[in-house]
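This report concerns only the one structure given below.
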Amino acid sequence: MIDIKKELNDKQSEAAAIADGPQLIIAGAGSGKTRMITYKMAHMIECLGIDAKNILALTFTNKAAAEMKDRIRHLIGDKAKPLTVSTFHAFGLQLIRRYHDILGYSARFSIYDPDDTQTAMKEAAEELHIPCETVNWFEIRELFSSVKTGRTAPLSDSHPYKEWYDFYNRRLKAFNAVDFDDLLAVPLKLLTENEEVLSACRHRYRYILVDEFQDTSTIQYRIVRILAEEHRNLCVVGDDDQSIYSWRGADYQNIVSFEKDFPERKEIKLEQNYRSTKNILDAANHVIAHNHNRKDKKLWTGGESGRHIELFYPADETAEAAFIASTIHSLRFDHHLKYRDFAILVRTNTLCTPLEEELLSNNIPYSVSGGTSFFQRKEIKDIIAYMKVVVNPDDEINLLRIINTPRRGLGVKSVEKVRQFAGSHHCSLYTAMCKIAVSQDRETVFPKVVGDAIEDFVRIIESYREKFDDPKTKVSAALSSLLEELFYYAFIMNEYKNNEKLIKFKFGNVTKFLEMIRRWESDPEREITTLSGFLNRITLITDSNTDSDKEDKVNLMTIHASKGLEFNVVFLAGIEEEIIPHKRSLEENPENIEEERRLFYVAITRARRHIIMTSCAKRKRSHVWISAQPSPFLKEIPEELIVYHDPQKKAEEFDPMALLANLKKTLSTS
DNA sequence: GCCCCCGCCACGCGT
DNA sequence: TGGCGGGGGC
């Protein structure tokens, strides 16, 4: 039986014991929040007899959802299975799938990632003859997204992009596709407009928990509110100091809204930190104290003061990477640490490259999370596009992606003709291709080679639909055979013939993808059983190695991706002006300094025992060396908490001979 | 239609 | 660093 009094401290168990009614739990960094939540759910199921399927836990990242599921399974085993633990987007996906009939989507709808989304916007603009050479795509995406998620008022009829926006959405619907914002907007609309669905959902999800509440966007809060309004069993857990996603629409004013919408709420603060040493916590507290406009709280720990924070000044990013790699080696040796005890955190993905190279050449196993996703690689996207078209032939964006990849003589001119054909027959592009393929007199419109290419393409898609649908054929087997039929490997070899390394890399990616599919289809516990479901799932996932977390590897990631995680030793690389706080962030709005500071705070509070920061003297940016200054945030940490390592001395410290001598001395004394 | 080369741009965080 | 769109030769 779960005994929360025994397993948790007073505040935690107080928070964990309540199931009914609204609750606001302000949980500081490292205060055992995830532990509290998992025990809370276990307690609800085991001790209060609440049916697990009535509990909905919403998290911010896939990683957090996976970890929460894992931990609760540890506590109560299979009884955790009926729980819904997912990200907001995955939850939205689930609702769209469940109610696709009502919503007017076929069961095999596609999800468009931001790349596909932009392509679809471009296509829409072209069809409307909107000149888009000069448009700022960043702005358009932002505009469309904020309209859809209700951050901006609906476009007025006179708005220059109103027609474009509406047309884009009509096209998506015709493609039987949704974009990321639809995953939230469509379910919210459904819940708002369809009382039956709403009451079914309210009945099903009678207890709702929201983790990382400070990072929910307005539309996400609306979804939660409409679900919880009646039964009011809503527990939100958050920390305003760790709000780092405002650029994505996160609005920690949601905490204020929650207080207003649920005035009878109970409020509990978790302020005891179990993660970090006193020095690390002191540093974090001093930094965050520079922010105004925060809920008053002060993290404390009963633990030891621990080591000082160390600060090094490498000459450039190569020296920085070399220093980090060699320090990992020596610390691992000296303190009997595992690779997985280390994390290297950076502000931006681009900072990863030199670090990766150095780790690779030092044979240090590492895993990168976030960044340019595995699934964004061209070769993987192409393969996925084939499967998406097989599953959903109305998916025009993916159809256009593969119609001439590998090249089969269907260039821009031919595609344009097919489109005209589709237009005059009022059918989708793929239906048009099917019609052309079986048409007797197609040569009056299309040259023979083009007609034959279309016929061949349609034949491939149709025959693989059968194969992929056939329960006796494994998806991986069908895919391997498809790749052979397409001469896909030869295509890659030809495409990159002057770069053998790149070919190898791309082949490796394809192999990895096939393995991933094999792992999925042979997993007896898998929750997703259809290919369509699998494809939609991976569109929402950023990193491929979700189950390699337990492997012994150094963790390399952005600070954003590190939220919710903890490590014994944390390297903070590139702690420089213009990187953190980031130049562009401040250019956008000087007030963003507070969010940048929270980011730095999150970075510091990831560490249990040891923080090593580096600030380079110069750094290469787009081919030119620029000199770099230490981050102004460093001044916000009391000097006595830091050991400043002089750049001159550093050379001696990492002299290999001196290191060896030191090593010998250590060995002889022990 | 396809291939190849050139020059331009951007390089903040992610579901 | 690499991804792209445009232009010219085949």
Side-chain angles (χ1 to χ4, degrees), chain A residues 58-65 86-93 111-115 117-119 122 132-133 136-138 141 145 149 178-184 212 215-217 219-220 243-250 345-354 357 369-373 375-378 404-417 447 449-450 453 494-499 502 536-543 557-563 574 578-588 592 595-596 598-599 602-603 619-624 626:
Chain A
L58 292 164
T59 64
F60 196 65
T61 60
N62 293 303
K63 225 178 195 157
S86 79
T87 63
F88 277 95
H89 286 81
F91 178 63
L93 169 61
I111 299 179
Y112 283 173
D113 70 18
D115 275 358
T117 302
Q118 185 169 322
T119 313
K122 243 184 223 169
C132 54
E133 295 80 38
N136 179 337
W137 285 104
F138 182 83
R141 280 201 317 253
S145 170
T149 56
V178 294
D179 63 21
F180 277 17
D181 293 322
D182 283 325
L183 292 174
L184 306 172
E212 307 286 8
D215 282 326
T216 51
S217 59
I219 190 168
Q220 289 169 331
S243 163
I244 54 175
Y245 280 96
S246 72
W247 50 276
R248 233 180 73 180
L345 306 185
V346 290
R347 172 65 175 84
T348 68
N349 277 304
T350 43
L351 299 176
C352 286
T353 321
E357 281 168 12
S369 10
T372 348
S373 155
F375 300 107
Q376 301 295 108
R377 313 222 71 102
K378 190 185 175 305
N404 203 28
T405 304
R407 301 213 164 76
R408 51 172 69 84
L410 294 176
V412 199
K413 283 276 161 61
S414 307
V415 171
E416 193 40 48
K417 266 193 188 167
V449 279
V450 174
N494 187 45
E495 203 74 343
Y496 306 97
K497 51 177 172 269
N498 38 19
N499 192 339
L502 202 59
N536 282 343
R537 184 75 203 132
I538 58 177
T539 309
L540 291 184
I541 287 176
T542 39
D543 55 39
M557 64 183 90
T558 62
I559 300 171
H560 282 92
S562 76
K563 199 170 70 151
E578 301 198 348
I579 293 182
I580 185 163
H582 201 277
K583 194 172 158 218
R584 293 180 67 147
S585 163
L586 296 188
E587 275 167 7
E588 195 181 85
N592 285 344
E595 175 141 329
E596 295 290 314
R598 288 194 291 269
L599 205 47
V602 167
R619 191 176 283 279
K620 214 184 212 168
R621 204 179 293 171
S622 51
H623 266 203
V624 283
I626 57 155

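Because the structure is a prediction, the values reported are computed rather than measured. Naming convention: chains lettered A, B, ... in sequence-line order (proteins, then strands); numbering from 1 in each chain. All heavy atoms count here, side chains included; hydrogens, waters and symmetry mates do not.
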Exercise for the section: May I ask you to evaluate whether A/Thr350 reaches the phosphate of B/dG12, defined as a side-chain N or O under 4.0 Å from OP1 or OP2? Expected result: no
Fill in the blank from the handout: Picking from B/dG1, C/dG5, B/dC13, the nucleotide nearest the side-chain atoms of A/Lys122 would be C/dG5
Handout entry: Short side-chain N/O contact to B/dC13 OP1/OP2 from A/Asn349, under 4.0 Å
Key = yes
Problem - Any donor-acceptor N or O pair under 3.5 Å, side chains A/Asn62, A/Arg537 - result: yes
Problem - Closest to side chain of A/Thr87, choosing from B/dG1, B/dC13, B/dT15 - result: B/dT15
Exercise for the section: Under 4.0 Å between any heavy atoms, over every strand shown, what does A/Glu578 touch: base, sugar-phosphate, or nothing? Just pick one. Expected result: nothing
Exercise for the section: Could I get the full list of salt bridge (charged side-chain N to carboxylate O under 4.0 Å, His left out) partners for A/Arg598, not counting sequence neighbours? Expected result: A/Glu595
Practice task
Provide, to the nearest angstrom, the distance between the CZ atom belonging to A/Arg537 and the C1' atom belonging to B/dT15.
Solution key: 10 Å
Handout entry: Separation of atom CD1 in A/Ile626 from atom C1' in B/dC11, rounded to whole Å
Key = 12 Å
Any protein N or O atoms within reach of nucleotides 2-4 of chain B? Criterion: under 3.5 Å, listing atom names and distances.
unit_1, atom_1, unit_2, atom_2, d
B/dC2, OP1, A/Gly409, N, 2.8
B/dC2, OP2, A/Asn404, ND2, 3.3
B/dC3, OP2, A/Arg407, NE, 2.6
B/dC3, OP2, A/Arg407, NH1, 2.6
B/dC4, OP1, A/Lys497, NZ, 3.1

Problem - Interatomic distance, A/Glu595 CD vs B/dG14 P [rounded to whole Å] - result: 13 Å
Completion exercise
Residues at least two apart in sequence or cross-chain that pass ring-ring contact (aromatic ring centres under 6.0 Å, His included) with A/Tyr245, listed by chain then number, are A/Phe60, A/Trp247, A/His560
Handout entry: With A/Arg407 via salt bridge (charged side-chain N to carboxylate O under 4.0 Å, His left out) - residues at least two apart
Key = A/Glu495
Practice task
Any chance you could lay out the side-chain contact (heavy atoms from CB on, under 4.5 Å) test for A/Thr87 and A/Leu58, step after step, and finish with the verdict?
Solution key: CA-CA 5 Å; A/Thr87 63; A/Leu58 292 164; over 6 Å; no
Handout entry: Nearest-angstrom distance from the residue atom CZ of A/Arg141 to C1' of B/dG12
Key = 13 Å
Exercise for the section: Return the set of residues passing salt bridge (charged side-chain N to carboxylate O under 4.0 Å, His left out) with A/Asp181 (not counting sequence neighbours), or none when no residue passes. Expected result: none
Exercise for the section: Classify the nucleic acid contact of A/Phe88 as base, sugar-phosphate or nothing, counting any heavy atom under 4.0 Å across all strands shown. Expected result: nothing
Handout entry: A/Arg584 CZ - B/dG12 P separation (whole Å)
Key = 4 Å
Practice task
Please tell me which of the listed nucleotides, B/dG12, B/dT15, B/dG14, lies nearest to the side chain of A/Thr558?
Solution key: B/dG14
Practice task
Describe the nucleic acid contact of A/Ser585 in one word from base, sugar-phosphate, nothing, applying a heavy-atom distance below 4.0 Å.
Solution key: base
Practice task
Choose from B/dT15, B/dG12, B/dG14 the nucleotide whose nearest atom is closest to any side-chain atom of A/His560.
Solution key: B/dG14
Exercise for the section: Could you please name the option among B/dT15, B/dG14, B/dG12 that lies closest to any side-chain atom of A/Arg347? Expected result: B/dG12
Problem - Between C1' of B/dT15 and NZ of A/Lys563, the distance in whole Å - result: 12 Å
Handout entry: Donor-acceptor side-chain pairing of A/Ser585 and A/Glu588 below 3.5 angstrom
Key = no
Practice task
To the nearest Å, give me how far apart CD1 (A/Ile538) and C1' (B/dG14) are.
Solution key: 17 Å
Handout entry: Rounded interatomic separation in angstrom, taking CD from A/Glu587 and P from B/dA10
Key = 13 Å
Practice task
Using the test ring-ring contact (aromatic ring centres under 6.0 Å, His included), find all partners of A/Tyr112 that sit at least two apart in sequence or belong to another chain.
Solution key: none
